[in-house]
Peer 1: 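So that we are looking at the same thing, I have put the structure below in structure tokens.
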Amino acid sequence: MRLTKKIFKYIGIIVLVPIIYIIISLILTYIPINNGTDNTTKNHTIYLNSNGIHLEIIIAKNDLNTSILKDQKYTSQAQYFSFGWGDKNFYIETTIWADLTFVNGFQALFLKTPTLLHVSRYSSVDKNWVALKIDPEQLKKINLYILNTFRLDSKNKKIILAGLGYYKNDDFYEARGNYTCFNTCNTWVNTGLKKSNIKACLWTPYDFGLLYLHKK
């Protein structure tokens, strides 16, 4: 009888933990910060894009810090660069959702796993991107945030994973930080906006909160 009670207790905890996580994360997602108005001239535009789950930050080449472009491979066709951060194994082994396995998903969510920066290049603005108007100081801060996410080798060069991009217009680079369910790909984007004094969620592991804030 005692054993049965213990089993049900542990099952209850296992079921309750994700429910609490979802409730708290949804509440924090809909609490905006950096929402005040100011008199600065917002003469720069960056963008957010989502594949339905995963957010990326997109910045025009002319607005990128030259240190970010250093050691990257790109052609003159590349006028916009998108940056997404995420779990290394998930990026490499899950090129499409059909490749998702329980092990990959569990490791990404519950273990502190190594990460990559996914950098894609575009020739023009896509109609599905969400535009964010920002001032020069905010642009400077978001550039610094992205730059500091690249992990460098002993020669202070970015570490590219050759041949592992999904298409011809993207590459993966070793990144700083560890991925968990409390520090997801979308949390990385949200943290970057928060640190750059750009409107963001108090905390979020999702893509829809930021998209909602900036589509309004």
Side-chain angles (χ1 to χ4, degrees), residues 46-61 63-75 77-97 99-122 139-196 198 200 203-207 210:
I46 64 173
Y47 302 88
L48 296 178
N49 185 42
S50 174
N51 65 359
I53 294 179
H54 177 93
L55 276 175
E56 297 195 339
I57 302 170
I58 304 169
I59 303 178
K61 179 183 176 183
D63 282 335
L64 277 176
N65 187 311
T66 54
S67 295
I68 292 179
L69 294 173
K70 183 183 178 183
D71 304 324
Q72 287 199 52
K73 28 175 235 180
Y74 60 92
T75 68
Q77 301 285 322
Q79 295 301 310
Y80 294 86
F81 289 71
S82 76
F83 303 89
W85 177 93
D87 174 77
K88 184 174 183 177
N89 286 335
F90 195 91
Y91 263 140
I92 294 173
E93 298 180 14
T94 313
T95 55
I96 58 175
W97 288 112
D99 296 330
L100 179 62
T101 66
F102 174 80
V103 173
N104 286 345
F106 182 87
Q107 288 178 340
L109 288 174
F110 299 109
L111 303 179
K112 285 189 174 182
T113 55
T115 55
L116 299 177
L117 260 179
H118 182 219
V119 182
S120 299
R121 301 170 291 277
Y122 303 93
L139 179 65
K140 179 180 177 181
K141 288 180 178 178
I142 197 67
N143 266 279
L144 184 61
Y145 178 74
I146 293 170
L147 177 62
N148 288 338
T149 302
F150 283 97
R151 190 159 69 84
L152 306 179
D153 63 17
S154 59
K155 297 181 180 178
N156 287 324
K157 290 187 176 182
K158 297 178 182 65
I159 307 168
I160 188 171
L161 277 67
L164 289 180
Y166 296 148
Y167 307 102
K168 293 181 179 179
N169 70 321
D170 69 311
D171 292 292
F172 287 104
Y173 295 83
E174 295 281 358
R176 294 178 176 175
N178 297 111
Y179 191 102
T180 70
C181 60
F182 300 106
N183 190 32
T184 71
C185 51
N186 300 319
T187 305
W188 177 82
V189 172
N190 190 65
T191 300
L193 299 185
K194 286 170 65 176
K195 289 186 174 182
S196 304
I198 301 168
W203 177 80
T204 186
Y206 312 114
D207 67 334
L210 286 174

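Sequence positions, counted from 1, serve as the residue numbers for this chain.
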Peer 1: Out of curiosity, L147 CG to T66 OG1, how far, rounded to the nearest 0.5 Å?
Peer 2: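 Here the rounded value is 9.0 Å.
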
Peer 1: Donor-acceptor check, side chain of D63 to backbone of I59, threshold 3.5 angstrom: yes or no?
Peer 2: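 Absent.
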
Peer 1: Are F172 and K88 packed together at the side-chain level, in the sense that at least one heavy-atom pair is separated by less than 4.5 angstrom?
Peer 2: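 Counting from C-beta outward, F172 and K88 never come under 4.5 Å.
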
Peer 1: Should Y122 and N169 be marked as a side-chain contact (heavy atoms from CB on, under 4.5 Å) after you check the CA-CA gap, both sets of side-chain angles, and the distance that decides it?
Peer 2: CA-CA 7 Å; Y122 303 93; N169 70 321; 3.9 Å; yes

Peer 1: Taking T115 for its side chain and G177 for its backbone only, find out whether a donor-acceptor pair lies under 3.5 Å.
Peer 2: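 At least one qualifying donor-acceptor pair exists.
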
Peer 1: Could you tell me whether K61 atom NZ has more than 12 heavy atoms of other residues or ligands within 6.0 Å of it?
Peer 2: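 Yes, the 6.0 Å shell around NZ holds more than 12 heavy atoms from other groups.
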
Peer 1: If I take atom NZ from residue K155 and atom CG from residue D71, how far apart are they, to the nearest 0.5 angstrom?
Peer 2: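 Output value for this atom pair is 11.5 Å.
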
Peer 1: Look only at the side chain of W188 and the backbone of Y179, and say whether a donor-acceptor pair between them is shorter than 3.5 Å.
Peer 2: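 Between the backbone of Y179 and the side chain of W188 there is no qualifying donor-acceptor contact (under 3.5 Å).
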
Peer 1: Is the backbone N or O of P205 less than 3.5 Å from a side-chain atom of N186, with the two atoms forming a donor-acceptor pair by type?
Peer 2: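 Flag set: sc N186 to bb P205 pair under 3.5 Å.
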
Peer 1: What closest approach, in Å, do A200 and K194 show between heavy atoms, and which atom pair accounts for it?
Peer 2: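 Scanning both residues, the minimum pair turns out to be CB-CG, 3.6 Å.
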
Peer 1: Could you tell me whether K141 atom NZ has more than 12 heavy atoms of other residues or ligands within 6.0 Å of it?
Peer 2: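 Yes, the 6.0 Å shell around NZ holds more than 12 heavy atoms from other groups.
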
Peer 1: Where do R121 and A78 come nearest, in terms of heavy atoms and distance?
Peer 2: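 The pair with the smallest heavy-atom distance is CB-CB, 3.8 Å.
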
Peer 1: Are D207 and H54 close enough that some pair of their side-chain heavy atoms sits under 4.5 Å apart?
Peer 2: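 The answer is no, as the side chains (C-beta and beyond) never meet within the 4.5 Å cut-off.
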
Peer 1: Quick one: which of T180, N178, D87, N89 gives a side-chain hydrogen bond (donor to acceptor under 3.5 Å, both in side chains) with T113?
Peer 2: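 Testing each of T180, N178, D87, N89 against T113, the sole residue satisfying side-chain hydrogen bond (donor to acceptor under 3.5 Å, both in side chains) is D87.
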
Peer 1: Which atom names give the shortest non-hydrogen contact between T184 and W85, and what distance separates them?
Peer 2: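 Scanning both residues, the minimum pair turns out to be O-CZ3, 3.5 Å.
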
Peer 1: Mind listing the closest non-hydrogen atom pair of S82 and E56 along with its distance?
Peer 2: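 For S82 versus E56, the nearest heavy atoms are OG-OE1, 2.8 Å.
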
Peer 1: Roughly how far, to the nearest 0.5 Å, is the CD1 atom of I58 from the CG atom of N49?
Peer 2: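 Here the interatomic distance stands at 4.5 Å.
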
Peer 1: Go through L116 and L164 one step at a time and tell me if the side-chain contact (heavy atoms from CB on, under 4.5 Å) criterion holds.
Peer 2: CA-CA 11 Å; L116 299 177; L164 289 180; over 6 Å; no

Peer 1: Just how far is it from atom OH of Y166 to atom NE2 of H118, taken to the nearest 0.5 Å?
Peer 2: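 NE2 of H118 is found 6.0 Å from OH of Y166.
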
Peer 1: Do D171 side-chain atoms and G165 backbone N/O form a donor-acceptor pair below 3.5 Å?
Peer 2: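 Absent.
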
Peer 1: Can you tell me how the ring of F150 sits relative to the ring of F83, calling it parallel under 30°, perpendicular over 60° and tilted otherwise?
Peer 2: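 Geometry flag for F83 against F150: perpendicular rings.
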
Peer 1: Angle class for the Y80/Y47 ring planes (parallel below 30°, perpendicular above 60°, tilted otherwise)?
Peer 2: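 Plane angle over 60°, so perpendicular.
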
Peer 1: Once rounded to the nearest 0.5 Å, what's the spacing between atom CD1 of I146 and atom CD1 of I57?
Peer 2: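 Result: 5.0 Å between the selected atoms.
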
Peer 1: Could you grab the distance from atom CH2 of W203 to atom OG1 of T191, nearest 0.5 Å is fine?
Peer 2: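 Those atoms lie 10.0 Å apart.
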
Peer 1: Answer yes or no: is there a donor N or O on one side and an acceptor on the other, between the side chain of K158 and the main chain of K70, under 3.5 Å?
Peer 2: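 Answer holds: yes.
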
Peer 1: In terms of the angle between their ring planes, are F81 and Y74 parallel, tilted or perpendicular, with boundaries placed at 30° and 60°?
Peer 2: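 F81 vs Y74 ring planes: perpendicular.
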
Peer 1: Main chain of L144, side chain of N65: is a donor-acceptor contact present, judged purely on distance under 3.5 Å?
Peer 2: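 No, the answer is negative, given that no donor and acceptor are paired below the 3.5 Å cut-off.
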
